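Numbering of ligands and ligand atoms starts at 1, following listing order. Here the structure is a predicted model, which is why all the values come from computation and not from measurement.
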Amino acid sequence: MTEKSLTEAFDKKYKTITQNIAAAAQKAGKSYEDIILLAATKTVDVDIINHAINSGIDYIGENRVQEFLSKYESYAPVHKHFIGHLQTNKVKDIIDKVELIHSVHSYKLALEISKQAVKKNLTANILLEVNIGNESSKSGFLYQEVEDMVQKIAQLEGIKIKGLMAIPPICENAQQNRPYFAKMKKLFIDIAAKKIDNSSMDILSMGMSDDYEVAISEGANMVRIGSSLFGRRNYNI
Ligand SMILES: *Cc1c(COP(=O)(O)O)cnc(C)c1O
C-alpha cells in the first residue's frame, strides 16, 4: 500500500476504534477519557506511527528492544511504553527511554530493573504481567502469586508498581475471555485494597484488537491495540 492509503486506512480504523471504546466505556459506567488507548506499534513504520500520533494517539507500545531503539529518535512526542517480553540483559537499553514497562514477568527481571534504575537515578514504573490463563506458553506471574510478588517487588529500590497487565488465551470468540478479564479486575481491586507501600493499582492493561470491548466492560482502563488500528501484520510477534 502507498503511504497515503495507509494513513487513510488508519484514519478510518482509528475513528471506529474510538467510537467503540467510547461505547464500551459508557456501558461500563465510564467515559472515553477514562480509557487509555495505547497503539501497539510493532512492525509499523515510524511515518505511520507519527501520523497516528499527529492524529491523536498519545501512547504507543513497542515489543522488541531492537526495533524500539531503531525507531526511538524518530517518534513524534508521545508516551512510550514497553509491552513485549523483556530479557534481563536488555533492561539497561530501555530503562531511561520508556515511561512504563507492562511486561514484568519475573522477580529476576524486577531485580534487574531495580538495579538499572538505581544506577541511572530514576524510578521505573512497571506493571506486573499476570499469566491469567495459566498457560505454559506464556510468561507472567500466576494468579495466586501476584499479591506476594507485589509485596516483594514494591520493596525494591527504584521501582514503582502502577498496576497489572494480562494477555488472556487466544480464543475464537472474545466473550470467552470475559472470565479472565473479570478475574484480573478482582485481583486488581483486592491488591489495591491492601494499600501496599510503593505500589498503586492505577493501571489495568488488558484487551487487544479482538477483545478490547469485553476487556473494558470488565474494568480495563488501558487497552493495547495493534492490528485493528494499523492492519493485520503478516507475521506474529
Ligand atoms: C501485538 C500486541 C498487542 C496488540 O495486538 P493486536 O491483536 O494486534 O491488537 C497488544 N499487547 C501486546 C503485548 C502485543 O504484543
Side-chain angles (χ1 to χ4, degrees), residues 1 6 9-10 12-21 24 35-46 48-49 52-53 57-71 78-87 90-91 94 98-106 109 113 125-133 135 137-141 162-178 180-181 184 203-237:
M1 272 206 273
L6 281 172
F10 171 84
K12 210 168 143 204
K13 292 192 169 91
Y14 182 39
K15 194 171 168 207
T16 305
I17 300 271
T18 53
Q19 286 167 350
N20 292 346
I21 289 176
I35 313 295
I36 292 179
L37 166 58
L38 176 139
T41 48
K42 57 178 174 265
T43 78
V44 180
D45 285 348
V46 122
I48 303 299
I49 298 173
I53 295 168
I57 291 287
D58 293 324
Y59 292 80
I60 61 132
E62 289 282 356
N63 279 71
R64 287 191 161 173
V65 169
Q66 274 320 314
E67 184 181 344
F68 171 65
L69 294 175
S70 75
K71 293 170 171 175
V78 68
H79 298 281
K80 294 176 265 299
H81 292 184
F82 194 80
I83 62 175
H85 188 81
L86 181 58
Q87 287 168 290
K90 303 270 174 70
V91 169
I94 64 158
V98 295
E99 219 168 77
L100 183 70
I101 300 172
H102 288 227
S103 39
V104 176
H105 55 80
S106 71
L109 178 60
I113 291 172
N125 295 313
I126 66 166
L127 306 181
L128 299 198
E129 180 171 355
V130 183
N131 184 353
I132 192 65
E135 297 171 277
S137 61
K138 286 213 175 95
S139 43
F141 298 105
K162 305 290 281 185
L164 305 176
M165 177 270 217
I167 308 173
I170 292 172
C171 64
E172 279 172 22
N173 176 339
Q175 294 298 338
Q176 290 173 305
N177 277 335
R178 188 177 288 281
Y180 295 114
F181 293 136
M184 283 299 300
I203 300 173
L204 183 55
S205 166
M206 58 185 191
M208 318 201 317
S209 286
D210 294 331
D211 56 16
Y212 64 93
E213 289 157 293
V214 180
I216 290 169
S217 74
E218 293 297 335
N221 58 17
M222 187 176 285
V223 292
R224 309 175 311 267
I225 300 184
S227 48
S228 288
L229 277 174
F230 299 108
R232 292 272 155 204
R233 297 177 296 278
N234 38 17
Y235 57 95
N236 288 317
I237 291 184

Flag Asp210 as yes when one of its N or O atoms lies below 3.5 Å from any N or O atom of ligand 1, and as no otherwise.
no
Show the atoms of ligand 1 that are less than 4.0 angstrom away from any heavy atom in [X].
X: Lys42; result: 1 (C), 2 (C), 3 (C), 14 (C), 15 (O)
X: Ser209; result: 6 (P), 7 (O), 8 (O), 9 (O)
X: Ala40; result: 3 (C), 4 (C)
X: Ser227; result: 6 (P), 7 (O), 8 (O), 9 (O)
X: Ile225; result: 9 (O)

Keeping [X] on the side-chain end and [Y] on the backbone end, is there a donor-acceptor pair under 3.5 Å?
X: His105; Y: Leu86; result: yes
X: Lys42; Y: Ala40; result: no
X: Gln176; Y: Glu172; result: yes
X: Asp211; Y: Met208; result: yes

State the CD-NE2 distance between Glu129 and His102, to the nearest 0.5 angstrom.
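Reported to 0.5 Å precision, the distance equals 10.5 Å.
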Per atom 12 (C) of ligand 1, closest listed option by heavy atom (Leu229, Asp211, Ile83)
Ile83
Return the orientation label for the Phe68 and Phe82 ring planes: parallel under 30°, perpendicular over 60°, tilted otherwise.
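If you compare the ring of Phe68 with that of Phe82, the planes turn out perpendicular.
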